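Report on the following structure.
Throughout, protein chains are lettered first and strands after them, A, B, ... in sequence-line order, and every chain is numbered starting at 1. A quick note: this is a predicted structure, and the numbers were derived from the prediction, not measured.
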Amino acid sequence: MIDVRLLRTDPDGVRLALARRGQPELLVQLDKAAHLDARLREITAERDEHRRQVNDLSKAVGLARKAGDAQAAEAAMVTSRELGESERSLAAESDELQSALHDVLLRITNMPHPDAPDGAGEQDNPVVKGPINMPASFPEHQRVPHWETATALGILDNERGTKISGAMFTLQRGLGATMARALCQLALDRNADAFEEIRPPTLVSTATLTATGHLPKFADDAFAIERDGLWAIPTAEVPLTSLYAGEILDETALPAQVMAHTSCFRREAGSAGRDTRGMLRTHEFDKVEILAIAHPDQAAAMLDELVARCEGTIAVLGLPYRIIEICTGDLGQSHHRSFDIEVYAPGCDRWLEVSSVSWFSDYQARRADIRFRRTGQKGTEIAHTLNGSALAVPRVWAAIIENYRQADGSVVVPEALRPYMRGATVIPAT
RNA sequence: GGAACGAUGGCAGAGUGGCCAAAUGCAUCCGCCUUGAAAGCGGAAGCCUCGCAAGGGGCCGGGGGUUCAAAUCCCUCUCGUUCCGCCA
């Protein structure tokens with residue numbers, strides 16, 4: 001959520017920042033929020049004044065009773081009762097305004113970082129680094145899509161995955177399954193120096209899914225377990241962000257750095273029929289997420305660190321990659337600034353988004369109510385959150401199959417994964 | 001799933017209708033004392049919100065109700081503990 005107080009004190013600044021996203025509807029909502037807020041404050045002040053009078057009168061009743069003045073007590077009670085009526089109706093109005101304002105605010109996007117590049121959409125995202133590890137040309141035997149190679153090698157069995165769960169569910173087997181797990185193990189090990197490993201729940205409450213910004217707007221994208229009021233997480237960002245929800249952290253505890261390997265579940269409601277082959281878009285996949293809850297002053301440097309860490313893992317796997325920055329028109333709802341790492345897959349002849357690293361400023365932390373206290377100072381401030389995919393299995397897995405394919409159809413296991421592959425150095429052609 | 005009991009400040013723990021933002025202890029911070037520290041003594045200190053300020057309002061797990069007045073009474077939900085049941 002954006003800060004209502006900022007909307008109050010610097011409406012033009014907020015307006016200008018949000019305008020960069022190029023969504024006129026946003027500005028309409030912003031005006032709506034400003035109006036609701038102004039009205040809310042009026043009503044609340046009035047209600048508080050009524051309450052003050054009721055409080056005073058109630059005290060007077062008690063004192064009069066004690067003094068044995070039944071008449072004065074009765075008189076105060078009568079006045080107070082009348083005031084109580086109007087107080088109740090003001091309170092009802094105030095509650096309504098409050099929830100209306102909250103609903104509007106929950107749907108207003110975060111403000112882009114001043115340095116985020118302007119742009120209308122995906123096509124305007126600038127490449128900020130790379131391509132790296134990109135050969136001048138790819139031999140013919142690498143121009144085979146991973147689903148063909150992997151199915152032939154017996155390490156991908158989507159026919160059976162689909163039989164079990166339906167379209168867009170995949171099934172890896174043998175060395176394919178081992179490699180999926182090896183990728184996660186690699187990512188965890190590479191970040192264990194600075195990130196505490198967490199094994200969070202993957203089914204979460206509505207409040208938890210709201211904190212990251214996935215609800216209420218994107219309910220259709222999440223799997224819901226309606227009977228129990230739970231949601232399947234689309235990313236470990238969701239439970240990890242809420243790890244300290246509702247808590248006030250000591251400044252010295254920041255940055256809090258955590259990571260988790262979890263399954264991620266996505267309905268992909270808007271993309272039915274797209275990327276249905278292979279591993280490019282699936283309802284369930286494994287991912288290692290790294291996340292930081294940071295002091296605002298630490299956030300910019302933390303963003304760089306997260307990008308470097310995510311990049312490092314892709315680099316050590318020897319894959320061709322580049323880094324793009326997300327422009328204002330393509331920035332997700334909660335995002336303040338984002339970078340994507342893309343890997344080139346020669347078989348599909350596509351750049352695949354394999355990692356997204358983002359800074360959310362205080363947007364998520366305000367929803368989750370994660371605060372910190374400066375040492376020796378009174379009061380609290382909202383923390384900042386940042387996170388990145390240290391490794392998302394399917395597309396990296398796919399890119400390895402395509403980039404490491406040999407002329408005989410086998411796939412060489414990247415050096416970095418071998419310690420986790422029970423000695424396998426190659427996935428042999430049968 | 002059934003039953004009982006519970007949820008109060010950083011922690012522990014009083015408080016059963018008004019004088020309660022809330023005793024007390026521990027922890028914290030600031031003084032004094034001390035070469036320094038401990039002990040001792042004195043003092044400070046919750047969070048949110050409106051306001052330039054003075055000051056006001058709210059918060060005792062969440063929500064609702066009774067009352068002039070609710071931490072305190074009633075309803076409800078959530079969570080916790082214990083016992084039973086089930087179970088990897």
Rounded to whole angstrom, note down the [atom1] distance from [N] over to [M].
{"N": "U34(B)", "M": "A38(B)", "atom1": "P", "result": "15 Å"}
{"N": "G61(B)", "M": "C79(B)", "atom1": "C1'", "result": "8 Å"}
{"N": "C19(B)", "M": "C26(B)", "atom1": "P", "result": "28 Å"}
{"N": "G6(B)", "M": "C75(B)", "atom1": "P", "result": "14 Å"}
{"N": "C59(B)", "M": "G65(B)", "atom1": "P", "result": "13 Å"}
{"N": "U67(B)", "M": "U72(B)", "atom1": "P", "result": "16 Å"}
{"N": "C60(B)", "M": "A14(B)", "atom1": "C1'", "result": "13 Å"}
{"N": "C47(B)", "M": "G43(B)", "atom1": "P", "result": "22 Å"}

Could you label the plane-to-plane angle of the Trp397(A) and His146(A) rings as parallel, tilted or perpendicular, counting under 30° as parallel and over 60° as perpendicular?
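The arrangement is perpendicular - the two ring planes meet at more than 60°.
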Aromatic ring pairing His336(A)/His113(A), orientation class (parallel under 30°, perpendicular over 60°, tilted between)
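The rings of His336(A) and His113(A) stand perpendicular, inter-plane angle above 60°.
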Give me the distances for all protein-to-nucleotides 50-54 of chain B N/O pairs that come in under 3.5 Å?
unit_1, atom_1, unit_2, atom_2, d
C50(B), OP1, Arg8(A), NH1, 2.6
C50(B), OP1, Arg8(A), NH2, 3.2
G51(B), OP1, Arg41(A), NH1, 2.4

With both distances under 3.5 angstrom, what nucleotide forms a Watson-Crick or G-U wobble pair with G36(B)?
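Across all strands, not a single nucleotide pairs with G36(B).
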Which nucleotide in [options] has an atom nearest any side-chain atom of [X]:
{"X": "Met77(A)", "options": "C48(B), C68(B), G57(B)", "result": "C68(B)"}
{"X": "Asn55(A)", "options": "G57(B), G46(B), C68(B)", "result": "G57(B)"}
{"X": "Thr380(A)", "options": "G57(B), C47(B), C68(B)", "result": "C47(B)"}
{"X": "Arg371(A)", "options": "C68(B), C47(B), G57(B)", "result": "C47(B)"}

Nearest whole angstrom, please: distance from the [atom2] of [N] to the [atom1] of [X].
{"X": "Asp369(A)", "N": "G62(B)", "atom1": "CG", "atom2": "C1'", "result": "15 Å"}
{"X": "Ile248(A)", "N": "G9(B)", "atom1": "CD1", "atom2": "C1'", "result": "11 Å"}
{"X": "Arg51(A)", "N": "A70(B)", "atom1": "CZ", "atom2": "P", "result": "10 Å"}
{"X": "Leu83(A)", "N": "C68(B)", "atom1": "CG", "atom2": "P", "result": "13 Å"}
{"X": "Glu42(A)", "N": "G57(B)", "atom1": "CD", "atom2": "C1'", "result": "17 Å"}

Test salt bridge (charged side-chain N to carboxylate O under 4.0 Å, His left out) applied to Glu49(A) - qualifying residues, sequence neighbours left out:
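Only Arg52(A) meet the salt bridge (charged side-chain N to carboxylate O under 4.0 Å, His left out) criterion with Glu49(A).
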Checking Asp304(A) now: which residues fulfil salt bridge (charged side-chain N to carboxylate O under 4.0 Å, His left out) with it, not counting sequence neighbours?
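Per chain and number, Asp304(A) pairs via salt bridge (charged side-chain N to carboxylate O under 4.0 Å, His left out) with no residue.
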Between the side chain of [X] and the main-chain N/O of [Y], is any donor-acceptor distance below 3.5 Å?
{"X": "Arg266(A)", "Y": "Pro234(A)", "answer": "yes"}
{"X": "Arg21(A)", "Y": "Leu331(A)", "answer": "yes"}
{"X": "Asp250(A)", "Y": "Ala253(A)", "answer": "no"}
{"X": "Ser86(A)", "Y": "Leu83(A)", "answer": "yes"}
{"X": "Asn191(A)", "Y": "Ala187(A)", "answer": "yes"}
{"X": "Glu402(A)", "Y": "Gly347(A)", "answer": "yes"}

With respect to Val354(A), which candidate in Thr313(A), Asp340(A), Ile314(A) satisfies the side-chain contact (heavy atoms from CB on, under 4.5 Å) definition?
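So, applying the side-chain contact (heavy atoms from CB on, under 4.5 Å) to Val354(A) and each of Thr313(A), Asp340(A), Ile314(A), only Ile314(A) qualifies.
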Quick one: which protein N/O atoms are closer than 3.5 Å to N/O atoms of nucleotides 18-21 of chain B? Pair and distance per line, please.
unit_1, atom_1, unit_2, atom_2, d
G18(B), O6, Arg65(A), NH1, 2.6
G18(B), N2, Ser58(A), O, 2.6
C19(B), N3, Lys66(A), NZ, 2.8

Can you tell me which residue among Gln98(A), Arg47(A), Arg39(A) is in a side-chain hydrogen bond (donor to acceptor under 3.5 Å, both in side chains) with Glu93(A)?
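Filter result, single survivor: Arg39(A).
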Would you please test Phe265(A) and His283(A) for ring pair (Phe, Tyr, Trp, His ring centres under 6.0 Å) and show each step?
CA-CA 5 Å; Phe265(A) 302 90; His283(A) 281 317; 9.9 Å; no
Between the protein and nucleotides 71-78 of chain B, list every N/O to N/O distance that falls short of 3.5 Å.
none

Can you list, in residue-number order, the parts of residues 84-100 of chain A that come under 4.0 Å of RNA chain B, counting heavy atoms only?
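Residues of residues 84-100 of chain A that come under 4.0 Å of RNA chain B do not exist, since none gets that close.
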Report, as yes or no, whether the 6.0 Å neighbourhood of atom CD on Glu122(A) holds more than 12 heavy atoms from other residues, nucleotides or ligands.
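Open: at most 12 neighbouring heavy atoms sit under 6.0 Å from CD of Glu122(A).
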Does the pair Arg173(A) and Asp157(A) meet the rule for a salt bridge (Lys or Arg N to Asp or Glu O under 4.0 Å), with working shown?
CA-CA 7 Å; Arg173(A) 56 197 307 168; Asp157(A) 190 352; 2.7 Å; yes
